[in-house]
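These notes are about the structure you will find just below.
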Amino acid sequence: MLQELFDILTFQSGYNTNVVLLGAGLLGTAGGVVGVFSLLRKRALISDAISHATLPGITLGFLVALALTGTGKSLPFLMVGSTLSGILGVLLVQWIKDNTRLPEDSAIGTVLSSFFGLGVVLMSYIQTLKSGSQAGLESYLLGSTASMLQSEAEMIAVSALVITLLAVLFMKEFGLVCFDPDYAASRGWAVSKIDLLMMALLLAVVVIGLKTVGLILIIALVIIPPVAARFWTDRLGIMVAISAFTGGLSCYLGAALSALTPDLPSGATIVLTATALFTLSLLFAPKRGVIATALRQFSFRLKITRRRALLSLGKDQVSLSLLASFLLKREGVLNSDHSLTEKGQRTVEIMSRDQALWNQYLNDYPEEAFAQNRWSLAMITDILPRDLIKELEMSIDSPKKEIG
């Protein structure tokens, strides 16, 4: 099985399988790129309404193709039907939101459930037809790459590539509208038209992804990759690249697993692969990952514990926690009997002096000190400029000279 999987991943399993893998990979890339802007625009869930709204269009497209060509298995008819149905669903969501008191999430829930219910009824009707038992429309619910024709895979690949290129081409406009639509409007940009283009690309990803991922799980393809990418960076360009890579790799590996085990729906394997990559990002991303965050918090606690312990020793308070004692002994500040070493005496003096400077800074410049988020958390010489530190030192030493 491992050898077979290796052959599939290295494009050694036949032309049709290779085209399916390529098409799935490009679809994931397109979903990752478009999903970034949907996420930043806070419209990720609209893809759920679009995907569920396509089911009636798929069934109606099948019936039209059946009447005109004698066979309902015509991908162009199904894609046109799902596109029109998806557009209608989006327009209904917008109309409900603009003309009623219902919030957008309620409008999305109403539309997707109604359209999906209508689609299920039409699918049940199709199954009663003589040719209905061979319709295979259930593959559009959870996805199926095993039954995908070469022509279908090529169409998906080309369409996904075009969507990706368009999204990258308009990345600057999309980014500005996502982050600051008011500023974009003040610069004369047609925000509504840019939003419409974003929605059109999202609809296109949903439509071409129905055969691969399925309308139930297609929402994961435009949400999970950008969410995973968000753990790694704050920069839009890098986020788009990481999201595209995550989406492409998810679809590529998921389609390969589906080709290895045809009984498994490709949509489920693709989503589980994307979830695994999301989990890796969640845990190991160096900036926002759970492990990196936990390490930073632990390091912060160690610094605070050490500083408090040294300040306590400077006030002749020797009641230290076990952690503080361990840290200071390891640093060579304390002897085994908790007495200060020669190095410890110097360290305590430096820390006490540093805290006195911080207190003086708070006294002389309260507003600046309160705005300083690292107040008394680091050495003052690492935070404030040298001329200001000299001023604080003079303020501290002057009273001592007058008393002397």
Side-chain angles (χ1 to χ4, degrees), residues 22-54 79 82-83 86-87 89-90 93-94 108 143 155-179 181 184 191-230 232-233 235-252 254 267 270-271 273-274 277-278 281:
L22 180 61
L26 290 174
L27 170 65
T29 301
V33 172
V34 175
V36 169
F37 305 109
S38 298
L39 178 68
L40 296 177
R41 196 73 170 107
K42 298 180 180 179
R43 292 178 175 174
L45 285 179
I46 195 66
S47 60
D48 199 16
I50 293 175
S51 63
H52 284 73
T54 57
M79 292 182 67
S82 59
T83 300
I87 292 174
V90 172
V93 169
Q94 191 66 34
I108 291 174
M155 181 185 298
I156 291 172
V158 173
S159 302
L161 183 59
V162 172
I163 293 171
T164 303
L165 293 176
L166 286 174
V168 172
L169 182 64
F170 288 94
M171 185 169 67
K172 182 179 72 173
E173 290 80 0
F174 289 167
L176 184 57
V177 169
C178 289
F179 288 113
V191 175
S192 59
K193 293 182 179 179
I194 295 175
D195 271 334
L196 184 62
L197 179 58
M198 273 194 286
M199 195 66 65
L201 294 179
L202 178 61
L203 175 61
V205 169
V206 170
V207 170
I208 67 172
L210 293 176
K211 184 67 175 179
T212 306
V213 186
L215 62 88
I216 295 179
L217 299 175
I218 188 63
I219 183 176
L221 197 59
V222 295
I223 292 181
I224 295 180
V227 170
R230 192 69 180 87
W232 294 90
T233 183
R235 299 180 60 182
L236 178 60
I238 298 177
M239 183 178 175
V240 169
I242 296 176
S243 179
F245 174 77
T246 303
L249 184 62
S250 300
C251 284
Y252 170 70
I270 288 172
V271 170
T273 304
L277 295 177
F278 165 78
S281 299

For the atom pair [atom1] ([X]) and [atom2] ([Y]), what is the distance rounded to the nearest 0.5 Å?
X: Leu27; Y: Ile270; atom1: CG; atom2: CD1; value: 7.0 Å
X: Leu196; Y: Leu201; atom1: CG; atom2: CG; value: 10.0 Å
X: Ser82; Y: Leu210; atom1: OG; atom2: CG; value: 5.5 Å
X: Ile194; Y: Lys172; atom1: CD1; atom2: NZ; value: 10.0 Å
X: Ile224; Y: Ser243; atom1: CD1; atom2: OG; value: 11.0 Å
X: Leu26; Y: Ile208; atom1: CG; atom2: CD1; value: 9.0 Å

Can you name the side-chain contact (heavy atoms from CB on, under 4.5 Å) partners of [X], sequence neighbours left out?
X: Ser38; result: Val34, Leu202
X: Phe245; result: Leu249
X: Arg230; result: Asp234, Met239, Arg288
X: Ile87; result: Thr83, Leu91, Leu203

So do the side chains of [X] and [Y] get within less than 4.5 Å of each other, counting heavy atoms only?
X: Val227; Y: Phe278; result: yes
X: Glu173; Y: Leu197; result: no
X: Val36; Y: Leu236; result: yes

Determine the minimum heavy-atom distance between [X] and [Y], stating which atoms define it.
X: Gly31; Y: Val205; answer: CA-CG1, 3.8 Å
X: Gly89; Y: Ala53; answer: CA-CB, 4.0 Å
X: Pro225; Y: Ala220; answer: CD-O, 3.4 Å
X: Ile156; Y: Gly23; answer: CG2-O, 3.9 Å
X: Val33; Y: Thr164; answer: CG2-CG2, 4.2 Å
X: Ala30; Y: Ile163; answer: CB-CG2, 4.1 Å

- [ ] Spell out, as yes or no, whether a donor-acceptor pair under 3.5 Å connects the side chain of Thr54 to the backbone of Ser51.
- [x] yes
Open item on the list: Has Thr212 got a side-chain atom pairing as donor or acceptor with Gly209's backbone, closer than 3.5 angstrom?
Closed with: no
Task: Residue pairs, two or more places apart or on separate chains, that pass ring pair (Phe, Tyr, Trp, His ring centres under 6.0 Å) and touch residues 26-51 - done: Phe37-Phe174
Open item on the list: Per the salt bridge (charged side-chain N to carboxylate O under 4.0 Å, His left out) rule, what does the pair list look like for residues 25-41, sequence neighbours excluded?
Closed with: Arg41-Asp195
Open item on the list: Walk me through whether Ile50 and Met199 qualify under side-chain contact (heavy atoms from CB on, under 4.5 Å).
Closed with: CA-CA 10 Å; Ile50 293 175; Met199 195 66 65; 4.1 Å; yes
